[in-house]
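Take a look at the structure below.
Convention: sequence-line order gives letters A, B, ...; per-chain numbering from 1.
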Amino acid sequence: MATREIYTTTFDEDVQTTTECPDCGSSVRTSTGETICEECGLVLEDTHLDRGPDWNRYDEQRTEKRTGAPLTPTRHDRGLSTEIGRYQDGHGNSLSSRKRRQLNRLRREQSRARWQSEANRNLGYGLGEVRRLSSSLGFGERLRNQACALFRRAQSENLCVGRSLEAVAAASVYAACRCNGLGRSRCEIVTVARCELAALSNAYNVMNVELELPAQPVSAADHLPKLASELEVSERVRRRALEFVQEAIDAGMTVGCRPAGVAAACLYLAAERCELFLSQREIATVAGVSPSTLRSRRDELLEV
DNA sequence: ACGATTATTGCGTTCTT
DNA sequence: AAGAAAACAATAATCGT
């Protein structure tokens with residue numbers, strides 16, 4: 001295969017970049033086409049204009065190899081593939097029927113070789129599923145690529161045998177969430193996945209052990225960014241809630257409780273202290289817990 | 001909307017086969 | 001060792017104010 005350099009995106013220098021998060025005012029980080037607030041995790045922009053390779057520079061000496069689609073981990077063959085055409089040769093002339101039959105055979109053989117094995121076919125299908133899940137969950141590019149990388153690892157470690165590819169794909173997506181401290185639950189993933197909750201859990205558990213994922217236990221703090229942004233509370237409330245969460249953890253009262261419930265109660269109290277009176281139901285609903293859970297967590301919190 | 005009370009669920013433990 | 005059962009805590013549902 002001809003030498004091919006990994007293509008890196010270059011942005012024009014005059015591209016406008018926001019340096020402050022409109023939500024909480026702290027600095028933002030831009031990487032791989034995604035702009036994220038460091039503090040609250042708000043995704044400001046996740047699809048930068050692709051100022052891709054310069055396709056039209058045929059008249060110049062092409063010393064740098066800049067053509068071709070970007071290499072991407074989300075395609076089974078990293079975006080590299082070749083198709084054999086049907087009706088024209090390399091100069092645009094039409095083909096004789098004999099030549100055409102020959103090319104048909106060639107194409108058939110080539111398409112078999114392209115999916116070198118069953119494993120490759122599965123990888124292509126699985127990565128497609130990961131992409132689908134990622135986009136329906138509104139992931140940015142970085143997170144999606146991580147999920148795809150996890151799926152590749154799972155497949156190369158033979159974790160797919162005896163499990164459905166859909167389950168492993170969903171587990172990869174969930175694992176990417178866990179490794180990044182996102183407060184997404186398995187149930188949320190299952191609503192868009194093509195597998196049962198039990199299958200997802202099984203696949204995730206085995207991935208967690210075999211791949212030694214750097215997944216931390218879900219903390220109540222992980223739920224705060226999403227809650228705060230959906231309820232559109234001020235930065236003061238947000239910080240106050242985070243303090244409450246920390247206090248609750250230090251007091252050891254979060255053990256055995258649903259992190260989302262703790263987060264909901266902390267946010268409820270924090271809002272109250274800042275003269276913002278949100279109803280229990282409102283907060284509980286977006287947190288995915290019942291109002292009574294919120295109340296019992298709050299009562300425990302008030303004892304500290 | 002909130003609080004109190006009751007019902008349900010989930011899960012590790014213990015007992016049985 | 002595998003399954004059943006009693007027990008417990010957290011959560012959800014319901015009702016009264």
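- Side-chain atoms of Arg131(A) do not come within 3.5 Å of backbone N or O of Arg144(A) as any donor-acceptor pair.
- Checked by atom type and distance alone, the side chain of Arg184(A) pairs as donor or acceptor with a backbone atom of Leu137(A) at under 3.5 Å.
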N/O to N/O distances under 3.5 Å, protein versus nucleotides 2-9 of chain B:
from: dC2(B); atom 1: OP2; to: Gln280(A); atom 2: N; distance (Å): 3.0
from: dG3(B); atom 1: OP2; to: Gln280(A); atom 2: NE2; distance (Å): 3.1
from: dG3(B); atom 1: OP2; to: Arg298(A); atom 2: NH1; distance (Å): 3.0
from: dG3(B); atom 1: OP2; to: Arg298(A); atom 2: NH2; distance (Å): 3.1
from: dG3(B); atom 1: N7; to: Arg295(A); atom 2: NH2; distance (Å): 3.4

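- Nearest heavy atom pair, residue Ala220(A) against residue Val245(A), reads CB-CG1, 3.9 Å.
- Counting only residues at least two apart or in different chains, ring-ring contact (aromatic ring centres under 6.0 Å, His included) contacts with residues 168-201 of chain A comprise Tyr174(A)-Tyr204(A).
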Distance-only criterion, 3.5 Å: show the donor-acceptor pairs between side-chain atoms of residues 263-284 of chain A and protein atoms not counting sequence neighbours.
from: Ser279(A); atom 1: OG; to: Glu282(A); atom 2: N; distance (Å): 3.1
from: Gln280(A); atom 1: OE1; to: Arg295(A); atom 2: NH1; distance (Å): 2.5

